[in-house]
Number of protein chains: 2
Amino acid sequence: MLRVSKLTDYASVILTHIAHHPAALHTASDLTNATGVALPTVSKILKLLTKKNVLVSHRGSKGGYALAKKPSETNVAEIITAIEGPISMTECSTVSGLCEQESSCEIKGNWHLINRAVYTAIEAVSLADMIAPVRRQAVSFSVPEIVKTSDLKVEN
Amino acid sequence: MLRVSKLTDYASVILTHIAHHPAALHTASDLTNATGVALPTVSKILKLLTKKNVLVSHRGSKGGYALAKKPSETNVAEIITAIEGPISMTECSTVSGLCEQESSCEIKGNWHLINRAVYTAIEAVSLADMIAPVRRQAVSFSVPEIVKTSDLKVEN
DNA sequence: ACTATATAGTACTAAAATAGTCCTATATAC
DNA sequence: GTATATAGGACTATTTTAGTACTATATAGT
């Protein structure tokens with residue numbers, strides 16, 4: 001089921017809330033109240049996002065979290081990477097030596113290109129897009145050549 | 001880590017092998033020898049792929065498995081779906097009622113569009129592409145409008 | 001300086017998903 | 001009829017993920 005983890009889903013909910021109130025500093029307990037996600041879990045997510053510069057933190061009394069960048073400058077790939085680590089479709093795409101078949105694995109190179117296609121797709125979606133009303137319209141972008149023009153379908 | 005499961009990875013190795021020898025019928029034990037993946041696991045994968053019409057099976061003596069379609073007509077999205085079920089980035093994109101925040105979840109719609117973008121990317125990659133040498137070249141295809149032209153980068 | 005408040009970091013536990021195995025039934029070739 | 005091979009389902013073990021707890025550190029306000 002090619003999917004993101006629950007934590008990443010929660011992260012998107014939390015970030016969406018913060019993006020709607022960009023002027024304020026948000027404490028972990030504020031965000032618990034606003035989103036319904038348990039406090040320790042919110043706390044964990046906020047720490048991960050801060051470490052990867054999606055959020056900035058202010059310690060101490062009157063402290064809290066705020067967006068590090070404008071919503072349009074934070075993309076979904078960053079958010080997923082912050083919570084789940086490097087994005088890749090198969091293990092051997094990120095780390096060598098974990099796969100017994102590695103030396104004879106002829107498809108590794110093409111999996112890597114698929115990864116790039118997927119990454120390109122989610123990198124192009126910003127937090128600002130996430131809080132915008134749903135609309136759609138065709139645009140174009142570049143993907144690796146294994147995605148051939150002849151195979152493509154326009155769905156919109 | 002936005003990734004496919006190990007079983008899907010094995011499936012790609014198995015299918016690649018079959019695609020290289022399209023004339024023959026391949027038994028589960030032949031494929032174990034060819035790929036190094038354990039027999040019960042190979043067997044499980046072959047059954048899943050057959051059920052979803054990626055492979056066709058012939059029972060009995062001299063039986064085995066073969067591709068149901070030409071390599072160019074089987075895409076990666078089909079393979080992943082056969083092994084892991086419907087592709088979606090968040091739980092609530094496929095099934096309603098599993099998410100407590102569902103009614104107040106304003107981002108559901110946009111996650112759904114991200115799913116489409118990812119699906120479009122992997123649907124465009126065929127099994128024939130997987131066994132081809134790695135090359136690259138820019139092409140274009142259509143994705144939902146949340147992917148804005150201004151955010152796009154050409155990496156090739 | 002002291003105290004209340006809030007984040008930082010790390011280690012641990014519990015729950016869920018995934019991977020892998022095994023057994024019985026059924027179909028086919030010779 | 002028998003050997004060979006897939007079909008289907010149930011089960012177990014492992015790994016990953018989610019969630020919790022605890023201690024340290026920083027800041028605001030008095």
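Residue numbers begin at 1 in each chain, while the letters A, B, ... track the order of the sequences.
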Given that L7(A) and H26(B) both sit by DNA chain D, which one's nearest nucleotide is further toward the 5' end?
-> H26(B)
Can you find a pair of side-chain heavy atoms, one from H21(A) and one from H26(A), that are under 4.5 Å apart?
-> yes
Nearest to side-chain heavy atoms of A38(B), which nucleotide of dA18(D), dT21(C), dG20(C) = dT21(C)
Does Y10(A) make a side-chain N or O approach to OP1 or OP2 of dG19(D) shorter than 4.0 Å?
-> yes
Whole angstrom is fine here: how far is it from CG in L46(B) over to P in dG20(C)?
-> 14 Å
Upstream residue (5' side of DNA chain C) when K44(B) and K44(A) are each assigned their closest nucleotide | K44(A)
Just by modelled atom types, is the I131(B) backbone N or O under 3.5 Å from a matching donor or acceptor in the H20(B) side chain?
-> no
Would you find a donor on one side and an acceptor on the other, under 3.5 Å apart, between the side chain of E84(B) and the backbone of T81(B)?
-> no
CG of L31(A) versus P of dA6(C): gap in Å, rounded?
-> 12 Å
Length of the CD1-P vector between I80(A) and dT17(D), whole Å = 14 Å
Phosphate OP1/OP2 of dA7(D) contacted by S43(B) side-chain N/O (<4.0 Å) | no
Residue pair I18(A) / L31(A), side-chain heavy-atom distance below 4.5 Å = yes
Has Y65(B) got a side-chain N or O lying under 4.0 Å from the OP1 or OP2 atom of dA5(D)?
-> no
Positions of residues 47-62 of chain A (non-hydrogen atom under 4.0 Å from DNA chain C), listed by number = K47(A), T50(A), S57(A), H58(A), R59(A), G60(A), S61(A)
Measure from the side-chain N and O atoms of T41(B) to the backbone N and O of V37(B), and report whether any donor-acceptor pair falls under 3.5 Å.
-> no
What's the NZ-C1' distance between K6(A) and dG19(D), to the nearest Å?
-> 11 Å
Please name all residues satisfying salt bridge (Lys or Arg N to Asp or Glu O under 4.0 Å) with K62(A), sequence neighbours left out, ordered by chain then number.
-> none
Atom-pair distance (CD on E84(B); C1' on dA17(C)), nearest Å | 12 Å
Side chain of T41(B) - closest among dT20(D), dA19(C), dG20(C) = dG20(C)
Rounded to the Å, how far apart are L25(B) CG and dA5(D) P?
-> 11 Å
Side-chain heavy atoms of K44(A) within contact of P40(A), under 4.5 Å = no
Expressed in angstrom and rounded to an integer, what is the separation of L39(B) atom CG from dG20(C) atom P?
-> 13 Å
